[in-house]
Amino acid sequence: MTAKVVDLITIDQQSPLPINIQIKEQIKFLIANEVLSAGDDLPSTNLLADNLQINRNTIQWVYSQLKEEGLLLIQKGRGTRIADVAKIEDFKRNHPYYPFVQEMMTRSSESSYNPENLLLAGFAYLQLYGKSVKIHPTYLFIECKVQSCYFYLDEVIKHTSAEILTIDIDAPEDQLSASVRRADVIVTTTERSDRVRNLLGTAGKTIITVGDPNDVSLLLRLIQP
């Protein structure tokens, strides 16, 4: 695996991106697309720096940053390797767009589009429209079958263009996890709130429990135009 990484990673001295960022993002891409797997060894800082003909300190910075992000393990005497399965799966869940990027670049190549022009056009689009485009949230109602839940579900449908998902908390784990990952706002009952908060993937998401007056007012604020 060390030889593969050394052969794959390249740098572009003419790129506006700093060299350290180029290397760091390439390693993350290899992890996200499963070219690098949990436990795989990475080349030493000396080996990778010599191959790329750059300063060893640059590779040290990259490895240190990736370690802080939870993607690498660095142990004296054991070298540097990809983190454990749980860390890598968490990274892929939180960064689901990497396969899409690969598909987009493959399709652009098949259509004979210049990848650099495509990226520049995308950047121009973000500058022109990115800040003004309203992204509608996805609401997930988990085991929310009481009358008050139906009222707020109707309000969300009436006042927003949001995507609405519903699921039982005892649904198969893979289906439940997939729904949680898609959701921006999770709505459930007070009785189910503790169990919902312990579901994989709910960290950082807005969770509203119907039955708590404070949470209900939050829901009403979220659906305002």
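The structure displayed is predicted, hence computed values, not measured ones.
Within 6.0 Å of CD on Glu116 lie no more than 12 heavy atoms contributed by other residues, nucleotides or ligands. Surrounding OH of Tyr97 are more than 12 heavy atoms belonging to other residues, nucleotides or ligands, all under 6.0 Å away. Other residues, nucleotides and ligands contribute only 12 or fewer heavy atoms inside 6.0 Å of the CD atom of Gln53. Within a 6.0 Å sphere centred on NZ of Lys28, other residues, nucleotides and ligands contribute more than 12 heavy atoms.
Going from atom CD of Gln22 over to atom CG of Asp12 covers 6.0 Å, rounded to the nearest 0.5 Å. One distance of note links CD1 of Ile142 with OG of Ser179; it measures 7.5 Å at 0.5 Å rounding. For the atom pair CD1 of Ile88 and OG of Ser37, the computed distance is 9.0 Å after rounding to the nearest 0.5 Å. Note that the CD1 atom of Ile208 and the OG atom of Ser193 stand 12.5 Å from one another [nearest 0.5 Å]. Between atom CD1 of residue Ile169 and atom OG1 of residue Thr188 there is a gap of 6.0 Å, rounded to the nearest 0.5 Å. Interatomic distance, CG of Leu118 versus CE of Met104, reported as 5.0 Å (0.5 Å rounding).
A salt bridge links Asp90 with Arg93; the closest basic N to acidic carboxylate O contact falls under 4.0 Å. The pair Glu110-Arg107 does not meet the salt-bridge criterion, since no charged nitrogen lies less than 4.0 angstrom from a carboxylate oxygen. Salt bridge Lys87/Glu69: absent, no basic N to carboxylate O contact under 4.0 Å. Checked for salt-bridge contact, Arg192 and Asp168 miss the test: no charged N lies under 4.0 Å from a carboxylate O.
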Starting from the C-alpha separation in whole Å, work towards a yes-or-no answer on side-chain contact (heavy atoms from CB on, under 4.5 Å) for Arg195 and Asp170.
-> CA-CA 11 Å; Arg195 190 173 171 189; Asp170 292 319; 2.5 Å; yes
Quick one: do Thr206 and Ile186 satisfy side-chain contact (heavy atoms from CB on, under 4.5 Å)? Show the steps, please.
-> CA-CA 6 Å; Thr206 299; Ile186 299 173; over 6 Å; no
List the steps and the verdict of side-chain contact (heavy atoms from CB on, under 4.5 Å) for Tyr139 and Asp184.
-> CA-CA 6 Å; Tyr139 289 82; Asp184 300 298; over 6 Å; no
For Leu42 and Arg81, what are the C-alpha separation, side-chain angles and deciding distance, and is it a side-chain contact (heavy atoms from CB on, under 4.5 Å)?
-> CA-CA 5 Å; Leu42 286 184; Arg81 66 181 189 279; over 6 Å; no
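Looking at every heavy atom in both residues, Gly70 comes nearest to Ala83 through O-CB, 3.3 Å. A pairwise comparison of heavy atoms in Val35 and Asp40 identifies O-OD2, 4.2 Å as the closest pair. The heavy-atom pair separating Ala183 from Leu140 by the smallest distance is CB-CB, 3.5 Å. When every heavy atom of Ile74 is checked against every heavy atom of Tyr63, the shortest pair comes out as CD1-O, 3.8 Å.
Leu8 places none of its side-chain heavy atoms less than 4.5 Å from the side chain of Gln26. Looking at heavy atoms from C-beta onward, Leu48 lies out of side-chain contact with Ile54 at the 4.5 angstrom threshold. In this structure, Ile59 and Ile23 have side chains that are in contact, with non-hydrogen atoms separated by less than 4.5 Å. Residues Arg197 and Thr209 are in side-chain contact: their nearest non-hydrogen atoms beyond the backbone lie under 4.5 Å apart.
Aromatic ring pairs are classed by plane angle as parallel below 30°, tilted from 30° to 60° and perpendicular above 60°; the pair Tyr98 and Phe29 is perpendicular.
A donor-acceptor distance shorter than 3.5 angstrom exists from the side chain of Asn198 to the backbone of Asp194, with no hydrogens or angles considered.
Between Pro43 and the options Asp50, Asn51, Ile9, Val5, a side chain to side chain contact (heavy atoms under 4.5 Å, CB included) holds for only Val5.
Linking Ile, Leu, Val, Met, Phe, Trp and Tyr whenever their side-chain heavy atoms come within less than 4.5 Å puts Met105 and Ile27 in one cluster.
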